[in-house]
Amino acid sequence: MAKKYDFLFKLLLIGDSGVGKTCLIIRFAEDNFNSTYISTIGIDFKVKTVDVEGKKVKLQVWDTAGQERFKTITTAYYRGAMVRREMQTILFGPIATCKLTCVVIVRPRLFQQLLKHVMMVMVHYFDSVFQGIILVYDITDEKSFENIQNWMKSIKENASAGVSRMLLGNKCDIEAKRKVSKEIGEKLAKEHGIRFFETSAKSSINVEESFADLARDILLKSNKKPVSFQCVIIKWILMLIVCMFNSF
Ligand SMILES: Nc1nc2c(ncn2[C@@H]2O[C@H](COP(=O)(O)OP(=O)(O)OP(=O)(O)O)[C@@H](O)[C@H]2O)c(=O)[nH]1
């Protein structure tokens with residue numbers, strides 16, 4: 001059977017509530033637009049395969065809720081760094097090391113359980129790393145632009161270090177209500193050394209282009225090696241080990 005894609009990249013959209021994250025994803029994945037606003041609850045994803053540098057890249061695009069009350073769930077999804085920290089504490093923390101040594105000697109069965117927990121964390125890690133994060137603001141809403149700094153801070157604190165980022169100023173079809181100039185958006189992106197596009201999910205401006213551009217950036221960073229495929233293999237091996245532990 002022919003392989004349907006060469007690479008799989010996971011992207012995450014973040015930004016204030018109402019800036020158009022869901023609409024951008026729907027425009028990208030289904031080429032559709034709905035003006036009815038239904039606020040996202042929790043997290044959801046859509047997939048689309050694009051051609052990048054002659055390679056088929058499957059993008060799994062995750063939507064998040066911009067509302068403050070869902071922030072804990074949203075940031076939990078940046079994972080990479082967080083799970084790594086979790087693993088470091090389990091494996092290398094000073095107390096953990098002492099306890100672990102005692103457990104191996106005195107309670108081998110408990111050690112087995114611990115090992116299983118570590119495997120589970122690793123499975124989760126390989127399953128939840130995002131290669132790209134798209135920060136979205138609304139060009140007609142100054143506050144959503146100011147908040148980009150907070151979202152940037154949140155990425156720094158929670159996401160993995162090598163993650164590719166991109167800034168989108170959405171709703172550029174409503175020029176009459178513009179509050180944030182293109183230049184100021186470009187300036188902010190430049191300061192953070194990331195790509196920038198003004199988009200419109202409604203009028204389908206720069207949506208496909210921006211997603212493909214980010215995919216290209218990730219592809220070049222990954223040195224054209226199918227990293228995600230390796231992750232999937234490692235994930236399945238880890239899951240197999242977890243299943244073996246379960247059957248003891
Ligand atoms: N004019 C215009 N309206 C848009 C555009 N994108 C989204 N909207 C409208 O903005 C509103 C909010 O869009 P959503 O995509 O639900 O916003 P969101 O960022 O996902 O919001 P949360 O789920 O609350 O985080 C909806 O009424 C959309 O129709 C756009 O490009 N142009």
Side-chain angles (χ1 to χ4, degrees), residues 9-48 50 59-79 128 130 132-155 157-159 163-186 188-189 192 194-215:
F9 296 147
K10 286 177 81 170
L11 310 180
L12 183 74
L13 267 84
I14 56 172
D16 281 7
S17 182
V19 295
K21 299 180 293 295
T22 307
C23 288
L24 280 166
I25 295 176
I26 291 173
R27 171 61 74 194
F28 173 65
E30 296 164 5
D31 199 15
N32 215 336
F33 179 79
N34 189 344
S35 57
T36 322
Y37 176 36
I38 302 163
S39 195
T40 309
I41 296 170
I43 190 148
D44 190 17
F45 76 88
K46 293 209 179 294
V47 290
K48 184 174 175 176
V50 290
L59 296 178
Q60 198 179 77
V61 190
W62 288 74
D63 191 8
T64 59
Q67 281 183 34
E68 193 62 35
R69 63 196 171 113
F70 296 120
K71 214 157 190 173
T72 325
I73 307 172
T74 308
T75 41
Y77 264 84
Y78 297 6
R79 281 300 181 188
S128 58
F130 287 95
I133 297 183
I134 302 174
L135 297 109
V136 188
Y137 68 89
D138 174 351
I139 66 143
T140 70
D141 176 3
E142 225 168 341
K143 185 87 191 129
S144 74
F145 178 72
E146 285 163 15
N147 268 338
I148 288 294
Q149 296 286 16
N150 296 328
W151 288 108
M152 287 282 191
K153 203 167 148 241
S154 182
I155 293 176
E157 285 166 4
N158 298 295
V163 70
S164 293
R165 294 164 302 158
M166 179 173 71
L167 180 64
L168 298 184
N170 192 38
K171 305 195 188 179
C172 71
D173 56 287
I174 1 181
E175 193 56 52
K177 289 190 181 167
R178 181 189 279 275
K179 296 273 164 44
V180 184
S181 72
K182 192 174 177 183
E183 291 69 35
I184 203 165
E186 275 169 348
L188 181 67
H192 288 274
I194 62 175
R195 285 143 201 279
F196 171 74
F197 287 90
E198 280 202 344
T199 56
S200 166
K202 188 176 182 180
S203 308
S204 192
I205 301 169
N206 278 342
V207 180
E208 177 112 21
E209 291 84 344
S210 55
F211 280 71
D213 197 72
L214 184 62

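Computed from a prediction, not measured in an experiment: that's the story for all the values here. When a ligand or atom number is given, it counts from 1 through the structure's own listing order.
- By the side-chain hydrogen bond (donor to acceptor under 3.5 Å, both in side chains) test, Lys48 pairs with Glu208, sequence neighbours left out.
- Here the side chains of Val47 and Val61 are not in contact, with every heavy-atom distance at 4.5 Å or above.
- Rounded to the nearest 0.5 Å, atoms CH2 (Trp151) and CD1 (Ile133) are 10.5 Å apart.
- The backbone and the side chain of Thr22 each have at least one atom closer than 4.0 Å to an atom of ligand 1 (non-hydrogen atoms only).
- Of the polar atoms of Gly20, at least one N or O is found under 3.5 Å from an N or O of ligand 1, judged by distance alone.
- Residue-level proximity to ligand 1 for Asp16 is carried by the backbone, the only part with a heavy atom below 4.0 angstrom.
- Considering backbone and side-chain atoms alike, Ile174 places every N or O at 3.5 Å or more from each N or O of ligand 1.
- Under the rule for a salt bridge (Lys or Arg N to Asp or Glu O under 4.0 Å), the partners of Glu175 that lie at least two apart in sequence or sit in another chain are Arg178.
- Only side-chain heavy atoms of Asp173 come within less than 4.0 Å of ligand 1; its backbone N, CA, C and O stay farther off.
- A donor-acceptor pair under 3.5 Å is absent between the side-chain atoms of Lys10 and the main chain of Trp62, judged by distance alone.
- Note: no N/O pair closer than 3.5 Å links Gly15 and ligand 1 by distance alone.
- Contact check for Leu167 versus His192: no side-chain heavy atoms found under the 4.5 Å cut-off.
- Under 4.0 angstrom from ligand 1, the non-hydrogen atoms of Asn170 all belong to its side chain.
- The closest heavy-atom contact to atom 27 (O) of ligand 1, among the options Ser35, Gly18, Ala201, comes from Ser35.
- Under a 4.0 angstrom heavy-atom cut-off, Asn34 registers as being in contact with ligand 1.
- When each of Phe9, Phe197, Phe28 is tested with Phe211 by the rule ring pair (Phe, Tyr, Trp, His ring centres under 6.0 Å), just one qualifies, namely Phe28.
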